[in-house]
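Here is the structure we will look at.
Keep in mind that the numbers below use all heavy atoms, side chains included, and drop hydrogens, waters and symmetry copies. In each ligand, atom 1 is the first atom listed, and ligand 1 is the first ligand listed.
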Amino acid sequence: MELKDKLTAIAEKASSEIRVVSSLEELENLRVSYLGKKGEITQVLKGMKDLSAEERPVIGQLANQVRDQLTEQLAVTRQRIETEALNKRLAEETLDVTLPGSKPKKGQSHVITQIMEEIEDLFLGMGYQIIEGNEVEEDYYNFERVNLPQNHPARDMQDTFYITPEVLLRTHTSPLQARTLEQHDFSKGPLKMISPGKVYRRDTDDATHSHQFHQIEGMVIDKHITMADLKGTLETLAKKMFGENREIRLRPSYFPFTEPSVEVDVSCFKCGGSGCSVCKGTGWIEILGAGMTHPEVLKMSGVDPEIYGGFAFGLGPDRIAMLKYGVDDIRNFYLNDQRFLEQFKVKG
Ligand code: FA5
């Protein structure tokens, strides 16, 4: 066969093969088999040396033309295959933006924190300031400055964890009474404060006692404050936390830093007052201690008890949470069981 016919035949065969190719890999194989170093067209071009001088430019031109055509067809086909592949992927990987997303799980404050914030809001609304204290406290402020000198028998009820003989984990929030009193400038107005935080005691844990719990200290000092102001304040608190129907009672008590002193009990949520294991048969659960500030406490902080006086209280938010939600063991608050804690949803 003449070289010219051979070239034309190769060109037709290559062109029809390229037309039906469906993958880039097949296309590359075709390119190599026609235009590669050992490809059919390259072989033809190599045979040109045997041609006559007249034939050579004619065949050369035809061979170049065929090569250019095939190269062009290969490029167009490559483009077609790539576009098809892209369209296929786009169709397969379409995102349905109308599908609902997966909701991230929302955390919430611990139930005790919720109770503390509720109490803070109440007192902020009555014009109290909130004071922060330290959990690691000096023996001097924890005991001596609230009228509990060394060897005072009432220290026994609040044994704690000592860091050094002078530094301890505070047993109550009452050191904030002395710390705030000594800072307060009475020429600017009365002192009305609350101070929430953690406290520690070497108590044996039971249904209503934990070795680590919370307290909110409160103190009001001004001229002409009476026990009626204390009672009214505590009643407002009790009604806010437990509603109008829950009974409360004030019971005479003793604290070295208040005189007279009271303890406030709320009727037991479990037995309604008849006596059970939660209230230890008494029908009542104690939520706070309070009283009229002892003149010695004022004097030690440089405040004249002849002019100023007032009241203080220390309440237990853990006990309040128990009573509000009917939790029969205080230890539940500290076990970090999500199933328990999730029940107390933040309002709103
Ligand atoms: C005090 O700690 C006094 N500082 C309170 C006070 C302040 C009296 C100001 C007068 C003036 P008491 O030890 O009773 O008092 O504790 C106060 C409250 O803390 C209790 O009524 C109770 O609600 C809570 N509480 C006491 N011990 C524990 C405990 N181990 N676990 C959980 N709550 C407790």
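Linking Ile, Leu, Val, Met, Phe, Trp and Tyr whenever their side-chain heavy atoms come within less than 4.5 Å leaves L7 and V58 in two separate clusters. Residues F340 and I115 fall within the same hydrophobic cluster, defined by Ile, Leu, Val, Met, Phe, Trp and Tyr side chains chained together at heavy-atom separations under 4.5 Å. Hydrophobic cluster membership is shared by F213 and L323, with clusters built from Ile, Leu, Val, Met, Phe, Trp and Tyr side chains linked at under 4.5 angstrom. Note: the hydrophobic cluster containing L191 does not contain F123 (ILVMFWY, side chain heavy atoms under 4.5 Å, direct or indirect links).
Each of the following atoms of ligand 1 lies closer than 4.0 Å to a heavy atom of E263: 14 (O). Atoms of ligand 1 found under 4.0 Å from any heavy atom of I330, numbered from 1 in the order shown, are 32 (C). Numbered from 1 in the order shown, with element, the atoms of ligand 1 that lie under 4.0 Å from a heavy atom of T258 read 10 (C), 11 (C). Each of the following atoms of ligand 1 lies closer than 4.0 Å to a heavy atom of L288: 21 (O).
In terms of protein heavy-atom proximity, atom 25 (N) of ligand 1 is nearest to F213 CE1, 3.3 Å. Ranking protein heavy atoms by distance to atom 13 (O) of ligand 1, first place goes to R201 NH1, 2.8 Å. Scanning the protein heavy atoms around atom 15 (O) of ligand 1, the nearest turns out to be F255 CE2, 3.4 Å. Closest to atom 14 (O) of ligand 1 among all protein heavy atoms lies E286 OE2, 3.3 Å. When only non-hydrogen protein atoms are considered, atom 22 (C) of ligand 1 lies nearest to R319 NH1, 3.4 Å. The closest protein non-hydrogen atom to atom 5 (C) of ligand 1 is G314 CA, 3.8 Å. Here the heavy atom of the protein found nearest to atom 23 (O) of ligand 1 is I287 O, 3.0 Å. Protein heavy atom at the shortest distance from atom 17 (C) of ligand 1 is Q215 NE2, 3.3 Å.
The closest side-chain donor-acceptor pair between S174 and E217 falls under 3.5 angstrom. For the 3.5 Å distance criterion, the side chains of D318 and Y334 qualify, holding a donor opposite an acceptor. Side-chain polar atoms of E166 and Y140 form no donor-acceptor pair below 3.5 angstrom.
Using a 4.0 Å heavy-atom cutoff, H214 is absent from the residues neighbouring ligand 1. Heavy-atom separations between Q177 and ligand 1 include at least one value shorter than 4.0 Å. Heavy-atom separations between M219 and ligand 1 are all 4.0 Å or longer. For H211, the closest heavy-atom approach to ligand 1 does not fall below 4.0 Å. Using a non-hydrogen distance threshold of 4.0 Å, T208 registers as a contact of ligand 1.
In this structure, OG on S23 lies 11.0 Å from CD on E84, to the nearest 0.5 angstrom. Between I216 atom CD1 and L315 atom CG the span is 5.0 Å, to the nearest 0.5 Å.
The pair E138-R179 counts as a salt bridge, with a side-chain nitrogen and a carboxylate oxygen less than 4.0 angstrom apart. Using a 4.0 Å cut-off between a side-chain N of Lys or Arg and a carboxylate O of Asp or Glu, K4 and E55 do not qualify as a salt bridge.
Counting heavy atoms under 4.0 Å from ligand 1, residue F257 touches it through the side chain alone. Within the 4.0 Å heavy-atom criterion, the part of S174 lying near ligand 1 is the side chain and not the backbone.
Checked against a 3.5 angstrom limit, the closest N/O atoms of S210 and ligand 1 fall inside it. Note: no N/O pair closer than 3.5 Å links H209 and ligand 1 by distance alone. At a 3.5 angstrom cut-off on N or O pairs, D318 does not count as close to ligand 1. Between E217 and ligand 1, a contact under 3.5 Å exists for no N or O pair.
Taking the six-membered ring for Trp and the full ring otherwise, the centers of F255 and H172 sit at least 6.0 Å from each other. Checked against the 6.0 Å centroid criterion, the rings of F143 and Y162 do not qualify as a close aromatic pair.
Screening V220, I221, L176 against M193 for a side-chain contact (heavy atoms from CB on, under 4.5 Å) leaves a single residue, L176.
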